[in-house]
Each structure stands twice: as C-alpha cells, then as structure tokens.
Novice: 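Please read through the structure below; I'll follow up with questions.
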Protein chains: 2
Amino acid sequence: MKKYLPVIKKCPLFDGVSNENLARMLGCLKAKVVDFDKKYTVFREGTVQKHVGILLSGSLHLVRMDYYGNRSILSGVEIGETFLEEFACSEAELPVSVIADEPSQVLILDLRHILHTCSNCCSFHQQIIFNLMKILATKNTAFYQKIDVTSKRSTREKLLTYLNYQAKKTNNNEFNIPFDRQELADYLEVERSGLSMEISKLKNEGIIDSYKNYFKLL
Amino acid sequence: MKKYLPVIKKCPLFDGVSNENLARMLGCLKAKVVDFDKKYTVFREGTVQKHVGILLSGSLHLVRMDYYGNRSILSGVEIGETFLEEFACSEAELPVSVIADEPSQVLILDLRHILHTCSNCCSFHQQIIFNLMKILATKNTAFYQKIDVTSKRSTREKLLTYLNYQAKKTNNNEFNIPFDRQELADYLEVERSGLSMEISKLKNEGIIDSYKNYFKLL
DNA sequence: GAATGTATGTTGAATTTTCAACAAAAGGAA
DNA sequence: TTCCTTTTGTTGAAAATTCAACATACATTC
C-alpha cells in the first residue's frame, strides 16, 4: 500500500487529508489493494456493488454488452481516478463491467465505511463524504455541459456551443482548448473531417479565429 | 410551509424521514419557502450558490445565455424535484440561470446546513446526506446512459442502443417505453420523422416489433 | 355521429454528415 | 537537413438526416 500513497493522495477523494492522517484513515476505511491480471473482470455488469474503486496502476475499461452480445467500451479509467462511485451511491445494478486493460492494481473501498462515521476518526469521514459528493457533483456538471453541447444537431452548432462554454469559463473570447482535432471531434461526437471543414468555414466567415488549439470568438 | 408538506415528503431528499420528524428537520435545516413571480430569476448564471432548491409549486426553467446573448432552455424542473444540488456540491459557478416560468414557490435549503451535522438531529442529517448522494449518483447514472445512447452516430443505432437499455433494465425483450414519439426523438436527439421511418424499417426487417410505446426485440 | 385535435407515419427535396482518400503542414529523430 | 510520423485540412461521392408538408389513425368533445 505504502508504495501507492502518492497516487492515493492525489485522488480527489482524499483532498484535504494530511499525509499522516491518510494511512490511518485507509485502515479505518478497511481499504484493500487488489491485483488484476490483464482481461480480468474487476466488477461485473448486472451486479450491485457497494464498492468504490481507485485505480493505482495499469488501466481499466468500462465495458458494456448489448442485447446481442456486442461489446462496447464506454470509457477508460485513469490512474488516480475513482470509479463506480456513482453506481455504488445510487445502489443501481452496474450497467457496465470494469475490465483490466493491462495488469492493474486497484484500491477498493467499501462505500458503507465511507458513509457511516465510526468512532475513530469522524472528522475525516466528514471530509471524505464531502469529497465524494463533490466528485459526483463535478461529474454531473461535466455531463450536463456535454449533453448541452452534443444535443445540438449540426457540427457548427455543437462547435459554437462548445466554444461558447470555453469563452464563458475563461471569461475571455480568446482561449486554448485542451483537445486536439480528433479529440474535439470525439467530444462533440462528429466527424473529424467535417469538424475541420466547419472550422475553416467559420474562419472564412469571420466568426472565429483559430490556430491549432487556440480559438478566438469574433 | 405546512401546505406543502405532502410535496416535500415526496422529494427524494427526504426519503426515509418520518412525518413527525420532517417538520422538525426543516427547522433544523433553516428551510425557507420563497415566492417568485413569473419571469423572475431565482438564481443567476455565473454566481456561486450554496443553496439547493426544491420546487413546491409552479414551474422553473434552467436557462443559459450564450456569448452572443442567445437564450436556450436546457431543462425544466418539475414539482417535488430538487435543483442546483450538483452546482452547490461542486462549488462551481452556475452555468445556468433558474427562471420562474410561472408564479412559483420554492423551498430553499442551505447546503452547509445539510452537510454539517448539528447537535439537534444528527441521525437525520446522516439520512439526508445519504439521500443527496443518491440523488447526485442517480442523475449521474442517467446522464451516463443518455450519453452512451446519444453518442451513437445514426438514428438507428441510437434507437437500438436505447431499446437495449430498456430490455436490459426490464430483463425482458418486451417492454413499454415512457416516451411518446416526439419525446423519444427529443431524448435520442433526432428528428421525429426520421425516427418514425427507422422504426418502420426495423419492423420490416424483422429486427423489432412495436406498437405505440410497446417494443419487442426479436 | 360529426367535428376537432393530437399523435404517428410517409414522402421527396434540400441540406448535412460521413466516409475514404489524399494533400499539406508540423514535429521529432537520426 | 532529411526522413518519418502524426496531425490537420481538403475533396467528392455516398449515405443519412432534416425539413416541410401532407396522410392516416386514434381519441375526445359536443
């Protein structure tokens, strides 16, 4: 466990927890480090989980099987990220399986130990509960924005809605976006070539200026 | 306040709270009922709110202004629903304004009173915190699914992904959906006419059977 | 039953997006 | 520099979606 303390410390679930308290807290939460081989199923779709995971090393995929047995990868989990907290908290059946994409180590926490304060270290519990709420709420806010953007019907509208959010966020009509073209196309859920074309058009029409990941609304 | 107790009781934030405790609890949380005239801004975009709202009567819209001043309605709030809890918990600036669509009454709670347990009725706090987490997590799960559905590129794929979720959810290849055609089109973010056409095609191809809001995967 | 309104299905033309393929530009490594 | 790789831009044809308009079915009201 010690080896992974730096990763664990960076996880937003433990924001505001001091180094010396972290180890004690992990004991209090009965946190366990578990190894998974490549291709191993960490959690299985359809089960109800009371556990929250934090990826310590390796790489995980959230995968769904449809009615006909086709597999689709919904997202990846990065090192230091929590996963499954939304399903643990909502007490819903997992709509996805979590599969190790390579040999991975996972810190597994029982949500009940997080939610129910114990006699040892209640002050930490309060902090963790608050952090967990913030993680859920932040994901929620991000989803909210993404749905607003992608619900637009045309590539142009999606792009402009996205750029608008960025302009508002930075409080500036000039900004750099954190995506390259392909990533932006994936986020907007459009074709990369169509996106490039639309950016060119908007430039020619004098609506935006752009170079690489720099954008300016005119 | 008394008048609205039935509405408040049905709000998922107060799940598991007994009738007699509810009133006491609302006092403990310093809950306030506030009236808003039609068109009045309940909360303003760009501000940071520590408040969670529950709609008691009337109707609210979540509205966003873009960079050019165009208004778009992102969603509506129904009676008994909580709103803004995701932004209060994430401590983010509101990306939307909340506008009264008609004269409305709103129960306003300070998130800090929810999160920080007091000496009076801590057992309730625990329950409310748990409920709030569940609300956030459930919204999250619903967003998750919606994005999975709408990220598909064609009307056919969106529809089939959605129907698959329903089949999995009901654990049955026959089910009724809670949407009429226009609502389904809006959820899938496609054109109603195109959706109707695709449903017809899928029927002709023997992939699904359907009548009104009844669907069957074959 | 007639009249009305609402939901759904169908159609064809206009528009947009996707797809595949290639061109051009940028960045790194030898 | 040159070579190689990656990213981005461009293009035209094929496919899909949107849009507007109308047809049909169903339910409700008078």
Side-chain angles (χ1 to χ4, degrees), chain A residues 66 70 72-73 76 146-164 166 174-218, chain B residues 59 70 72-73 76 146-164 166 174-218:
Chain A
D66 72 14
N70 305 311
S72 72
I73 296 173
K146 165 143 181 151
I147 286 177
D148 185 36
V149 169
T150 58
S151 69
K152 301 296 187 294
R153 294 298 168 78
S154 65
T155 299
R156 165 179 289 235
E157 263 198 300
K158 286 179 191 184
L159 174 60
L160 285 175
T161 305
Y162 172 74
L163 293 178
N164 261 297
Q166 297 307 111
E174 298 180 67
F175 46 84
N176 292 295
I177 66 170
F179 295 137
D180 65 24
R181 286 287 177 281
Q182 184 59 60
E183 289 169 334
L184 180 57
D186 290 344
Y187 179 83
L188 301 180
E189 276 146 21
V190 298
E191 198 53 33
R192 184 194 59 78
S193 66
L195 173 60
S196 271
M197 209 187 62
E198 207 58 61
I199 290 172
S200 299
K201 267 201 216 165
L202 286 167
K203 284 207 280 195
N204 287 333
E205 294 172 27
I207 294 169
I208 66 169
D209 192 16
S210 139
Y211 174 72
K212 297 203 170 187
N213 63 346
Y214 163 87
F215 284 85
K216 180 176 184 174
L217 299 182
L218 303 172
Chain B
S59 165
N70 306 310
S72 72
I73 297 173
K146 165 143 180 152
I147 287 178
D148 185 35
V149 168
T150 58
S151 69
K152 300 295 186 295
R153 292 300 168 77
S154 65
T155 300
R156 167 178 287 233
E157 263 197 300
K158 286 180 189 182
L159 174 59
L160 285 175
T161 305
Y162 172 74
L163 294 178
N164 262 296
Q166 296 307 111
E174 298 179 68
F175 46 84
N176 291 294
I177 66 169
F179 294 138
D180 65 25
R181 285 289 177 278
Q182 184 60 59
E183 289 169 335
L184 181 57
D186 290 344
Y187 180 84
L188 301 181
E189 276 145 21
V190 298
E191 197 54 32
R192 184 193 58 78
S193 65
L195 173 62
S196 271
M197 208 188 62
E198 206 59 59
I199 290 173
S200 299
K201 266 201 217 168
L202 286 167
K203 285 208 278 194
N204 288 333
E205 294 173 28
I207 294 168
I208 66 168
D209 193 16
S210 139
Y211 175 72
K212 295 202 172 190
N213 63 345
Y214 163 86
F215 284 84
K216 180 176 183 175
L217 300 182
L218 302 174

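Reminder, nothing fancy here: chain letters follow the sequence lines and each chain counts from 1.
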Novice: Go through the steps for M197(B) and S193(B) under the test side chain to side chain contact (heavy atoms under 4.5 Å, CB included), then give the verdict.
Specialist: CA-CA 6 Å; M197(B) 208 188 62; S193(B) 65; over 6 Å; no
Novice: Mark yes when over 12 heavy atoms from residues, nucleotides or ligands other than K201(B) sit less than 6.0 Å from its NZ; otherwise mark no.
Specialist: no
Novice: Looking only at heavy atoms, which two atoms of I199(B) and S210(B) are closest? And how far apart?
Specialist: CG2-OG, 3.9 Å
Novice: For K216(A), which residues count as a side chain to side chain contact (heavy atoms under 4.5 Å, CB included) partner, sequence neighbours excluded?
Specialist: N173(A), E174(A), D209(A), Y214(A), L218(A)
Novice: Pick from T150(B), L195(B), L184(B), L159(B): which one makes a side-chain contact (heavy atoms from CB on, under 4.5 Å) with V190(B)?
Specialist: L195(B)
Novice: Nearest 0.5 Å, please: how far is CG in L160(B) from CD1 in I207(B)?
Specialist: 6.5 Å
Novice: Return the set of residues passing side chain to side chain contact (heavy atoms under 4.5 Å, CB included) with N213(A) (not counting sequence neighbours), or none when no residue passes.
Specialist: N176(A), I177(A)
Novice: In this structure, how many angstroms lie between the P atom of dT7(D) and the CG atom of N213(A), rounded?
Specialist: 13 Å
Novice: Not counting sequence neighbours, list each pair that qualifies as a salt bridge (charged side-chain N to carboxylate O under 4.0 Å, His left out) and has a residue in residues 150-164 of chain B.
Specialist: E191(A)-R153(B), D148(B)-K152(B), R156(B)-E198(B), R156(B)-E205(B)
Novice: Can you list, in residue-number order, the parts of residues 179-191 of chain A that come under 4.0 Å of DNA chain D, counting heavy atoms only?
Specialist: D180(A), R181(A), Q182(A)
Novice: Tell me which pairs pass salt bridge (charged side-chain N to carboxylate O under 4.0 Å, His left out) where either residue lies in residues 175-190 of chain B, with sequence neighbours left out.
Specialist: K146(B)-E189(B)
Novice: Using the closest heavy atom to pick a nucleotide of DNA chain C for each, name whichever of M197(A) or K212(A) lands nearer the 5' end.
Specialist: M197(A)
Novice: Can you measure from CG (L202(B)) to CD1 (I208(B)) and round to the nearest 0.5 angstrom?
Specialist: 4.5 Å
Novice: Send over the distance from K201(B) NZ to dA15(D) P, rounded to a whole Å.
Specialist: 12 Å
Novice: Please give the angle, rounded to 10 degrees, between the axes at the start and the end of the helix from dG1(C)-dC30(D) to dA30(C)-dT1(D), where five pairs define each axis.
Specialist: 40°
Novice: At under 4.0 Å between heavy atoms, what does S200(B) touch on the DNA or RNA strands: base, sugar-phosphate, or nothing?
Specialist: sugar-phosphate
Novice: Look for any protein N or O under 3.5 Å of an N or O in nucleotides 21-25 of chain D and output each such pair with its distance, or none.
Specialist:
none

Novice: Quick one: E198(A) CD to dT10(D) C1', roughly how many Å, whole number?
Specialist: 14 Å
Novice: For DNA chain C, note the earliest and the latest nucleotide, 5' to 3', having some atom under 4.0 Å of a heavy atom belonging to chain A.
Specialist: dT17(C) to dG27(C)
Novice: May I ask you to list the residues of residues 151-158 of chain A, by number, that have any heavy atom positioned under 4.0 Å from an atom of DNA chain C?
Specialist: S154(A), T155(A)
Novice: I need the full list of ring pair (Phe, Tyr, Trp, His ring centres under 6.0 Å) pairs touching residues 187-211 of chain B, with sequence neighbours left out, sorted by first then second residue.
Specialist: Y162(B)-Y187(B), F179(B)-Y187(B)
Novice: To the nearest Å, give me how far apart CG (L195(A)) and P (dT7(D)) are.
Specialist: 15 Å
Novice: Does a side-chain heavy-atom distance below 4.5 Å link L188(A) with T161(A)?
Specialist: no
